[in-house]
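Structure first, then comments.
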Amino acid sequence: MKMLSRKATFNSHGQDSEYFLGWEEYEKNAYHEVENPSGIIQMGLAENQLSFDLLESWLAQNPDAAGFKRDGESIFRELALFQDYHGLPAFKKALVEFMSEIRGNKVSFDQNKLVLTAGATSANETLMFCLANPGEAFLLPTPYYPGFDRDLKWRTGVEIVPIQCSSSHGFQITESALEEAYQQAQKRSLKVKGVLITNPSNPLGTTTSRDELNLLVNFITAKGIHLISDEIYSGTVFDSPGFVSIMEVLMDRNYMNTEVWKRVHIVYSLSKDLGLPGFRVGAIYSNDVAVVSAATKMSSFGLVSSQTQYLLSVMLSDKKFTKNYVSENQKRLKQRHQMLISGLQNAGIDCLKSNAGLFCWVDMRHLLSSNTFEAEMELWKKILYDVRLNISPGSSCHCTEPGWFRVCFANMSEDTLNLALQRIKAFVDSSTTTNNNQSRHQSNKNQRRKSFTKWVFRLSFRDREASER
Amino acid sequence: MNHSRSRRNPTREPDFPTAKPPSPGGSSGGGAGAAMRLIVPLQGVVQGRGGLILGSVIPGALYYFFQLYLKRCRSAKPNSNPPSPSSPSAQLADLSRSSSRSNLSSRGSVGPVRVSARANSIAKPNASPYYIGLERASEDPYDRFDNPDGIMQLGLSENRLSLDLIETWILENLERSMIGGADGNLNISGIATYQPFDGMMEMKIAVAGFMSQVMGTTVSFDPSRLVLTSGATPAIETLCFCLADQGNAFLVPTPYYPGFDRDMKWRTGVELIPVHCRSSDNFALSVTALDQAFNQARKRGQRVRGILISNPSNPIGNMLNKETLYSLLDFAREKNIHIISDEIFAGSTYGSEEFVSMAEILESEDFDKDRVHIIYGLSKDLSLPGFRVGVIYSFNTSVLAAAKKLARFSSVSAPTQRILISMLSDTRFIQRYIETTRERIQKMYVAFAAGLKQLGIECTKSSAGLYCWADMSGLIRPYNEKGELELWDKLLKIGKINVTPGSACHCIEPGWFRCCFTMLAEEDIPVVIKRIQRVVET
C-alpha cells in the first residue's frame with residue numbers, strides 16, 4: 001500500500017549524499033583515543049568544542065540561571081508555563097545585544113524584529129516558507145553548506161539555483177556569476193525570490209568582503225528580490241579582515257527604512273559562536289513586519305525551551321563573560337586554524353586563505369588522479385577508509401571544481417588533530433611513492449584488490465599502516 | 001487546479017469567451033465601437049440573418065485575440081511554472097486555491113511580491129475567537145490579589161494544579177540532574193554538543209516509561225518507536241508531512257481542538273474534513289458518519305489519507321472505549337488509511353473509566369499496526385508546556401524514518417532533555433504526581449460542574465481533560481452561531497471570562513462552550529460562577 005507522502009518517500013531530503021555517508025561510516029568505526037585508536041577521526045562536523053571550560057565555569061558560578069531562579073527567587077512556574085511564541089523578552093534583549101557586540105557595536109538590533117526558532121536549521125526553513133512559494137527559487141553561491149539542500153528545499157518546495165564561484169576569484173561572488181545564475185533560473189522557468197549567502201562562509205571559512213556585499217545589495221535592488229544573510233559564524237572571525245555584516249553595509253549606504261532594507265534578513269544561532277548546538281537556539285531578524293509576523297507564528301513549530309531561553313538570557317546578559325568568551329574563543333580558533341594549515345602545508349597541501357569558521361577549505365586538486373568528480377570521490381573514499389578521516393568533499397557542497405575538501409578543526413582535542421595531520425602526511429608521502437611505482441593509480445580499495453598490480457599496492461598499503469601506528 | 005490559471009487577471013472568470021458576448025472594451029483590444037461591430041454580426045447569426053462564415057469567423061477571431069491578450073499578460077510577469085516532472089517539487093507546484101488567491105496582487109506589475117502566499121495568509125491577525133480570547137485574557141490576566149477585575153482565563157487548557165510538586169522536585173534534585181555528575185564536576189559536552197535530532201536515547205527511554213506509567217501500565221511503549229519534537233504542535237505537523245500530500249485530507253470528528261486547523265493545514269496544504277458528532281449521542285464518534293464523510297470526499301475527488309482523533313477528546317473530555325477503537329481500526333483497514341490518535345490528555349483523567357490507548361489495542365490484537373500513530377507530549381499531563389516536549393509514536397518504520405529526519409526542524413533542547421530524564425526516571429515521584437494530579441483535577445471538575453449546574457448549565461458527561469464541555473444553548477438568542485458568538489463576546493467583555501465557543505471547535509450545534517478549569521484555584525470557582533451569572537441575568 002502506498003502509505004507515505006511523496007515528501008517522505010522521495011529522496012528530496014538529500015540524506016543519501018556522500019556528506020551523510022561519511023557520517024555513517026564514522027558512527028560505525030569512531031576514533032577513540034583509548035578504545036579505538038585506529039578508528040575514523042571526525043573532521044566533517046563543524047562543531048566548536050574548544051571553549052567548553054569557559055561555559056562550564058560560568059555555569060558553576062551562576063547556579064541560579066540553570067536553577068530557574070531570578071534574584072534568588074524561584075521562577076519555575078513562570079518558565080514551566082511560558083510558551084509564548086514571541087519569546088522570553090529578557091532573552092531576546094540579551095541576544096540582540098550579543099549580536100550587536102559581535103559586530104563591534106556598529107549595528108544595533110531591535111528585539112521586536114527578532115524571531116526565535118529551534119536552531120538555524122528551523123530558521124532557514126521558516127524564512128523559505130515565508131518568502132517563497134513552492135517552485136520558486138533562491139540563488140546560493142557555491143560551494144555551500146550541504147544541509148541547505150534539505151533545509152531550504154525539502155518541505156518548502158523551493159528550488160536552489162547555484163551562483164557558480166571559482167577558485168580563480170578565490171571563490172568570491174562576482175557580478176557575472178550572479179547574472180548567470182539569474183539567467184539560469186529564468187531558463188528553468190523558476191521565479192527567483194532572493195539570494196542566500198552564508199557570511200562568514202561555510203565551507204570556505206572566509207568573511208564576505210565589503211565589495212561582494214555591495215555587489216549583492218546592488219543586485220537585489222535591481223532585481224527587486226530578497227537577501228538572506230546566514231551569519232551563524234559571525235562570532236568565529238579570528239583574523240583580519242574583520243566581519244562586516246550586511247546590515248552595516250546597508251547603513252553605510254543610507255538604506256535604512258527603504259524597500260531594500262525590508263528585503264534583507266539575517267539568520268543567526270548560538271550553535272557555532274557559543275558552541276551550543278544541543279540547545280537548539282536560532283533566530284531570524286527582519287525589518288519586514290509581515291515577515292516577522294508570519295515567522296513568529298510559524299515558530300510554533302519549533303519554539304525554544306523556556307528553560308534554555310532563561311538560562312541563556314542570564315548568560316548573555318553577563319557582558320563581562322560574553323566579551324571574554326568571544327575573544328578567548330577566537331584566539332583558540334586562530335591557534336587551531338594555524339595548526340591545521342601548517343600541518344597540511346607540511347604535507348604539501350594548501351588551503352584557501354581564511355579568517356573565520358570552524359574549518360578550512362582545503363586544496364587537494366594535486367592529489368586527484370584526474371580533474372573529475374569521480375576522482376574526487378575516489379580520493380575522498382580513500383581518505384575515509386584508508387586514512388580514516390571523515391572530511392567533506394567539495395562536490396557535496398556543490399563546488400564546481402573537483403579536488404576541494406572541507407576539513408574541520410574545532411571538534412577534537414589537539415592530540416587528535418595532530419594524529420589526523422600525521423595520518424594525512426603519511427598518506428601523501430606514500431601516495432607519491434606509489435605514484436612512482438605504478439603507471440595507473442587505482443584509488444578504490446575494492447578496485448585495487450582486483451587490479452593487476454595489486455601486489456605492489458599491498459606492499460605500499462602495509463607500509464602505510466605500519467607508519468600510522 | 002493548475003497554477004497558471006489561478007494567476008490570471010482576477011476580474012475575469014477563466015471560462016471561454018464564446019460562452020457569452022464580450023463586454024465592451026474587452027479582450028479583443030478594441031473600444032466600444034469595435035465591440036458593437038462584433039456583437040451585431042453575432043446577433044445577426046443568432047437571429048438567422050447573418051452569414052454562417054461571419055458567425056464562425058468572428059467568435060474564432062475573438063477567442064484568438066483573447067488568448068493573445070492573456071499570453072501577453074502572463075509574459076509581463078515572470079511565471080512560476082513548475083519545474084521538470086522528475087523532481088518531487090513538481091508535484092508541489094499546485095497552490096491550494098485559497099493561497100493562490102491571496103497571491104494575486106492588483107498592483108502586481110508595480111513592485112515585487114514581497115512575501116510568500118503562506119506568509120500572507122497568516123500575517124493577518126487571526127479572526128478566530130479562540131485566539132482572540134487568548135490574547136485578550138493575556139493582556140489583562142486575573143489575579144486574585146493583584147488584579148481581581150482582570151479577565152479569567154478559561155480558554156487555555158493548561159494544568160496549574162500540580163506545578164508545586166514539580167517545582168519542589170526540581171529545586172531538590174536540580175544540581176544532580178542537569179549538568180553535573182555525582183562528583184560535582186560539570187561536564188557540559190553532554191548537553192552542549194549536537195544530539196540526535198529525534199531525541200537522546202535516554203530521553204526516549206524515560207518518556208516511553210512515563211507514557212506507560214501515565215496510561216496505566218497495561219501497555220508498554222518501545223523507545224525505539226519514538227520521535228521527540230519540540231512540542232505536540234510540530235509532532236502533528238511532522239506526521240502530516242509524512243502521511244499526506246498537499247491537497248489530501250484527514251477526517252476529523254467535531255468538535256475538535258481549534259489548533260488543528262493551523263497545525264495540520266497551514267504549511268502542509270492538507271485539508272481537514274469535519275465529521276460531525278451530536279449531543280444526542282453524547283458526541284460519540286460513529287463509524288457511519290465517518291463512512292459517509294469518506295464517500296463524499298471521494299465523490300469530490302479528494303483523497304482521504306487518515307482519521308485524526310483526540311482521545312481523551314478535546315474539547316469534550318470523553319474517552320473512546322475499546323469497541324469504538326476496534327471499529328475505527330476496522331474502518332481504517334477497509335479504506336486503507338491511517339489513524340492518528342492524539343493522546344496528549346491521557347494522564348489527565350478523573351473519572352472511574354480507565355483510559356485505553358491505541359497502543360494497548362494494538363498490543364493485544366494482531367492488527368495491521370503500520371497505519372496507527374500516536375501523538376503525545378508533556379504539556380498537559382506534566383504541566384510543562386514551556387519545555388517543549390512532544391512525541392510521535394508509530395509502529396510504521398518508514399514513518400519513523402521520515403519523521404526522524406524531519407525532527408531536525410523541531411528538536412528538543414538538550415539541557416531540557418537532561419532535566420526531564422532525571423525527573424521521569426524518578427518513577428516513585430512520577431507515580432505520586434500522577435495520582436495527586438488526578439485527584440486535584442477531579443476535585444476541580446466536581447466543584448466547577450456543580451457551580452455551572454446551579455446556573456442551569458449542564459456539562460457533557462466527561463472523565464478526562466482539563467475542561468468541561470458546557471451546554472449554554474438555552475442562553476443564546478438566536479439559536480445559531482451568531483447568538484453563540486454574541487454570548488461569547490458578552491462573557492468576555494462583561495463577565496470578563498474567556499471561554500472557547502463551540503463554533504471555534506467546528507461544533508455543529510450552537511451554544512456549547514469549552515471551559516478550562518485547571519488554571520484556577522478552588523477559591524476562584526465561585527467568582528467564575530458569579531460572573532457567568534451576571535452575564536446570564538442581563
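Since this is a predicted model, take the numbers as computed values, not measurements. Chain A is the first sequence line, chain B the second, and so forth, proteins listed ahead of strands; every chain is numbered from 1.
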Top contributor to chain A interface from B:Thr193, B:Val399, B:Asn159, B:Thr233 [non-hydrogen pairs under 4.5 Å]: B:Thr193

B:Leu406 portion near chain A, given a 4.5 angstrom heavy-atom threshold: both

A:Phe129 versus chain B, the contacting section by heavy-atom distance below 4.5 Å: both

Any donor-acceptor N/O pair, A:Asn411 side chain to A:Gln42 backbone, under 3.5 Å: yes

Between B:Ala402, B:Ser379, B:Ser411, the one whose heavy-atom pairs under 4.5 Å with chain A are most numerous: B:Ser411

Heavy-atom proximity to chain B below 4.5 Å, by part of A:Val304: backbone

Which of B:Leu243, B:Leu384, B:Ile166, B:Val389 touches chain A most, by non-hydrogen pairs under 4.5 Å: B:Leu243

Pair B:Ser413-A:Ser305, side-chain hydrogen bond (donor to acceptor under 3.5 Å, both in side chains): steps then yes or no: CA-CA 6 Å; B:Ser413 189; A:Ser305 164; 5.0 Å; no

Portion of A:Asn124 that has a non-hydrogen atom of chain B nearer than 4.5 angstrom: neither

Choice from A:Ala132, A:Ala118, A:Ala137 maximising heavy atom contacts with chain B below 4.5 Å: A:Ala132

Test item: A:Ser299 side-chain N/O and A:Gly302 main-chain N/O as donor-acceptor pair under 3.5 Å: no

Partners meeting salt bridge (charged side-chain N to carboxylate O under 4.0 Å, His left out) with B:Lys369 (sequence neighbours left out): none

Parallel, tilted or perpendicular: rings of A:His226 and A:His265 (30°, 60°): tilted

Test side-chain hydrogen bond (donor to acceptor under 3.5 Å, both in side chains) applied to B:Glu167 and A:Ser74, step by step: CA-CA 9 Å; B:Glu167 189 168 17; A:Ser74 169; 2.6 Å; yes

Heavy-atom proximity to chain B below 4.5 Å, by part of A:Ser271: side chain

Residue part contacting chain A, namely of B:Asn248, when any heavy atom lies under 4.5 Å: neither

Results of ring-ring contact (aromatic ring centres under 6.0 Å, His included) for A:Phe52 - residues two or more places apart only: none

Greatest number of heavy atom pairs closer than 4.5 Å to chain B - which of A:Asp288, A:Leu79, A:Val289, A:Val292: A:Asp288

Heavy-atom pair count under 4.5 Å with chain B, highest-scoring of A:Gln83, A:Met128, A:Glu125, A:Gln309: A:Glu125

Main-chain N/O of A:Leu54 paired with A:Ser51 side-chain donor or acceptor, under 3.5 Å: no

Residue selection (most heavy-atom pairs with chain B, distance under 4.5 Å) from A:Pro277, A:Ser306, A:Ser300: A:Pro277

Options A:Gly67, A:Gly282, A:Gly119, ranked by heavy-atom pairs under 4.5 Å with chain B, top entry: A:Gly67

Student check: side-chain heavy atoms of B:Arg118 and A:Cys130 closer than 4.5 Å: no

Side chain A:Tyr310, main chain A:Phe68, donor-acceptor under 3.5 Å: no

Per-residue contact mode, A:Leu270 against chain B (heavy atom under 4.5 angstrom): neither

